[in-house]
Structure formats: C-alpha cells, structure tokens
Amino acid sequence: MAKIKGLACKECGREYPVEPIHVCEFCFGPLEVIYDYEEIKKSISREKIEKGPKSLWRYIDLLPVENPTVGLSAGFTPLIKAENLGKELGLKNLYIKDDSVNHPTLSFKDRVVAVALSKAKEFGFDTAACASTGNLANSVSALAASSGMKCYVFIPANLETNKIIGSLVFDPVVVAVDGNYDDVNRLSSEIANEFGWAFVNINVRPYYSEGSKTLAFEVAEQLGWKSPDAVVAPLASGSLYTKIWKGFNELKEVGLIENNPPRMYGAQALGCSPIYQAFKEGRDWIKPVKPDTIAKSIAIGNPADGPYAVKVAKESNGDMEVASNEEIIEGIKLLAKTEGIFTETAGGTTIAVLKKFAEKGVFNPDEIVVAYITGNGYKTMEVLEGHLKSPIHIKPSLQEFKEKVIGQTVKG
Ligand SMILES: *Cc1c(COP(=O)(O)O)cnc(C)c1O
Ligand SMILES: [Zn+2]
C-alpha cells in the first residue's frame, strides 16, 4: 500500500500497521492514518481528480481505502455563493458548503461512513455499528443496507423523532440507550471490545475520520484550487474540524493549492461547549460537561478530539464561539430566509457563530469565507414549533382570500 505508511499515535508517535485499531497500546492516545506524501505527489494532479468520479472518491489518493465499495455517491455537494446572507453580514465572498443534501442521508456523516465501511469491507467485517447523536446512525443504517452488511446502531433514547425514524426505515437493530451520547459511547466501546463488529467511530475511527478531509478537498477544488481565507465549522467530537484543517494542509503539501490553509473558526452550542471553554481558558485538556442544548447532533460532552481542535484553532489563527438555543433557531431561520437552505440545529449553530464573528469584524469584507452546513433541517423540525408564522387559514372563497390574505400581507 504505497500511499499509506500506516497508523501513528497522535500523542507518542508510535507506529502501527493498517488494522482495525484505534488506540495506542502504550499511552492510550488516538491513532491516525499517516501517508507517504512524496509517493502521492508523483501520481496526484488537479487534472486526474477533475476526471474522477463525481463523488468524494475523486480524492482516493488521499483517502485510506484501496477499493471503494460503500457510499459510491457520497460527497460532491454544492458550494453556494451566498450573496444575500453575505450582504446581510457585510461579506462579499461568503460561501455555503451545503452537506444538507449529501447522499444518501442528508448530512456530512455520509462522507465518513462511506470511507469507514469501505475500509471495514476491506478488513472483512460483515457487521456495521456506531454510537451516534442521530445523523451517524442514519448514515450507517442506510449504507449498511445498501452494501449488505448487518447493522447495529446505538443512540441516546431522547433523540428527535425524525432521526430515529430515519434509521429505523433501513431496518437495522436500533438500540436506544437511557442516557446521553457520552453514556452511549462508553457502552459502545465495551461492546466493540467484545463483538467483532466494525464500529465506524470506535475501532475503525482512524479511517472514518479521514472522510471529513473531503470537505476541504471539495471546497478547494470548487474555489478553483485554492484555500479560502477562513472557514466556520461546527464542533461535536472535534473530528470534522481537525480533519478540514488536515485536508487543506495536505493539498498544500502535495502541491494542489498554493495559498495557505484557512483560519479555522469553531462553533459549539452554549449548552454543550467543552471545546470552546478549553480554548477560551487556554487549557489543552477538556473538562467534560453534561449536554443541555437543542443542537443534539453536536451534543458531545466529552469530545475525543477536543484537545486537537483547540490546537487547530490556535495554530490556524482561528477562534471559537457559542450559540444559545434562541440564536441557533435564529441561525436556521436566517439561512432559510436569505439562501433558501433549510439546515438543522448544527447548521443553525454554525450560522449563528458566523454572524457573531462577522459582527465582531474578524473577517475582512473581501475575504473568502466558507461556512460548513453539515445537516438537514427536515430532520429537526420540532425545534421550530412556535418560532414560525402560522399558515393563514381561509375558506375556499375569493372574498375570504382578499380579506384575510391580501388584507393582511399587502401593505401600503
Ligand atoms: C456529527 C455532526 C457534526 C460534527 O461531528 P464531529 O464529531 O465534530 O466530527 C456536525 N454536524 C452534524 C450535523 C453532525 O451530525
Ligand atoms: Zn501513544
């Protein structure tokens, strides 16, 4: 496997072979995939990528998979020039990377699961599993179904109805655990040790997390092969955020972009902000919290990649901010009203934080700023109840229409 050197511990650097393992035996640090960039440089090119499949697999030279078999249509989502929202925020070059329309389950998780389960198949696993805040369970359930794998997904019992139905429809075993995500994750780690399953975000996590780099690769290609000046992305475990950074750095390393990687701005919900708190207090360790927020998809109280996300914010000259429940809902409505995109609570958090940073003046008005919209609003509709206007109710009569609708909506 020429492009991959192996796995290495992020803490002590000890090296491991390419196997379904995720922690260092010596220091318990997380393992990460290490590439041979000199080797990759010889074969990778913009032209080769542009001729590749219209999916995240066009970047296979920088992914830890030899033979993709799962999630063949994941990725390749639109990058939208957000003129209206940009005007509102005083930004001339604002873009939305819209993973709310990812295939097949409408969140960025389709990227990481495509990579994780393709790798799991290479390893010979026949059962897929995950510990999830909702979107991951949807994606693992769908992609296990389409690739003929058995499937167990573990979720907190209090998830949004549509996220539960969005897993059940694919007919996996859905285990709803009494507890929060961190309880689900702890239980899942114990199960992963005992059963020979591919837990995408536990024992195959080093491969899973690499899928998030494609959020950087696609944006760079869509901008005409350059890095934006700044990006805003949500933080749950911190994995996505750190891998967007790794992705831009890799593109520079192999010569596909010339400018520097972006400043990385991170978004957390006020009711679950352990990474933000560590960053603001100058800590490189995470104080776990008990989540209490409507942004359930990013409610991880003990985030595995938190310390690395703090490092990325510092190294990239970025920053972090939080959004309250009210601000998250306003964020959802603002993106919908200005750009016609319906995102879920995680996206509402990102837009709320984008707005705060824009108001603080951290972006130059001409800079290229990309906001990552990672999930779809049709999955978390209940949070908007009581926050939207009601339909105008009429009898099927032209006169009622004129009185009640025209009378109320046409002004002046
Ligand atoms: C899982 C998720 C994230 C963030 O995931 P990380 O654990 O930080 O990689 C962001 N947005 C949505 C919608 C998600 O489902
Ligand atoms: Zn180690």
Side-chain angles (χ1 to χ4, degrees), residues 7-16 21-32 77 97-102 105-113 115-116 130-140 155 159-160 163 166-167 181-182 185 200-202 205 208-215 232-247 264 266-269 272-276 286 291 293-306 308-309 312 320 328 332 343-351 353 371-380:
L7 303 179
C9 172
K10 285 183 87 156
E11 290 300 320
C12 74
R14 202 175 289 261
E15 292 185 13
Y16 292 85
I21 49 175
H22 69 296
V23 274
C24 177
E25 287 170 16
F26 294 86
C27 76
F28 302 105
L31 304 183
E32 180 167 41
T77 58
K97 179 61 172 167
D98 190 7
D99 259 24
S100 77
V101 293
N102 210 345
T105 63
L106 309 175
S107 88
F108 105 91
K109 292 296 196 306
D110 292 327
R111 296 175 185 276
V112 281
V113 177
V115 174
C130 68
S132 173
T133 56
N135 283 317
L136 184 58
N138 293 170
S139 190
V140 169
I155 54 172
L159 274 193
E160 299 96 340
K163 288 213 176 130
S167 290
Y181 172 80
D182 300 285
N185 194 38
V200 298
N201 56 339
I202 300 177
R205 187 175 178 86
Y208 156 96
S209 58
E210 289 288 294
S212 289
K213 294 189 309 189
T214 60
L215 280 168
V232 185
L235 301 146
S237 71
S239 173
L240 156 104
Y241 177 86
T242 56
K243 294 293 176 163
I244 290 173
W245 174 246
K246 184 181 181 187
M264 299 284 308
Q268 289 215 285
C272 183
S273 58
I275 306 178
Y276 162 83
I286 301 294
T293 168
I294 59 169
K296 293 182 184 174
S297 58
I298 52 171
I300 298 186
N302 189 12
D305 288 296
Y308 306 109
V312 165
M320 293 188 185
I328 292 168
I332 293 173
T343 187
E344 65 146 88
T345 46
T349 307
T350 300
I351 296 298
V353 163
Y372 283 97
I373 295 304
T374 49
N376 193 298
Y378 291 101
K379 294 194 196 185
T380 63

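We count ligands from 1, going down the list as the structure has it; atoms in each ligand are counted the same way. Just so it is clear, the model here is predicted, and its values are computed rather than measured.
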Notebook entry, point to check: Can Lys296 and Glu344 be counted as an ion pair, charged N to O under 4.0 angstrom?
Noted result: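 Looking at Lys296 and Glu344, the cut-off is not met.
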Margin query: Taking the basic N atoms (NZ, or NE/NH1/NH2) and the acidic carboxylate oxygens, is any pair closer than 4.0 Å for Asp305 and Lys243?
Written below: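 No.
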Which is it for [X] and ligand 1 at heavy atoms under 4.0 Å: side chain, backbone, both or neither?
X: Leu240; result: both
X: Ile298; result: side chain
X: Lys243; result: neither

Note to self: Whether the side chain of Ser139 engages the backbone of Leu136 through a donor-acceptor N/O pair (distance < 3.5 Å, no angle test) should be reported.
What the structure shows: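 A pair under 3.5 Å: no.
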Note to self: Looking at Lys97 and Thr77, would you say the former's side chain and the latter's main chain have a donor-acceptor pair under 3.5 Å?
What the structure shows: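 Flag set: sc Lys97 to bb Thr77 pair under 3.5 Å.
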Notebook entry, point to check: Which distance, rounded to the nearest 0.5 Å, do you find between the CG of Leu159 and the OG1 of Thr380?
Noted result: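 Taking CG in Leu159 and OG1 in Thr380, the distance rounds to 11.5 Å.
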Note to self: Testing the basics here: between Lys379 and Glu160, what is the closest heavy-atom pair and its distance to 0.1 Å?
What the structure shows: O-CB, 3.8 Å
Next item on the list: Look at atom 4 (C) of ligand 1 and find which of Ala236, Ala233, Ser132 reaches it with the closest heavy atom.
Entry: Ala236
Note to self: Between ligand 1 and Glu344, is the shortest N or O to N or O distance under 3.5 Å?
What the structure shows: no
Check: For ligand 1, is there an atom lying under 4.0 Å from some heavy atom of Ser107?
Finding: no
Check: Any heavy atom of Tyr241 sitting closer than 4.0 Å to ligand 1?
Finding: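 False for this residue.
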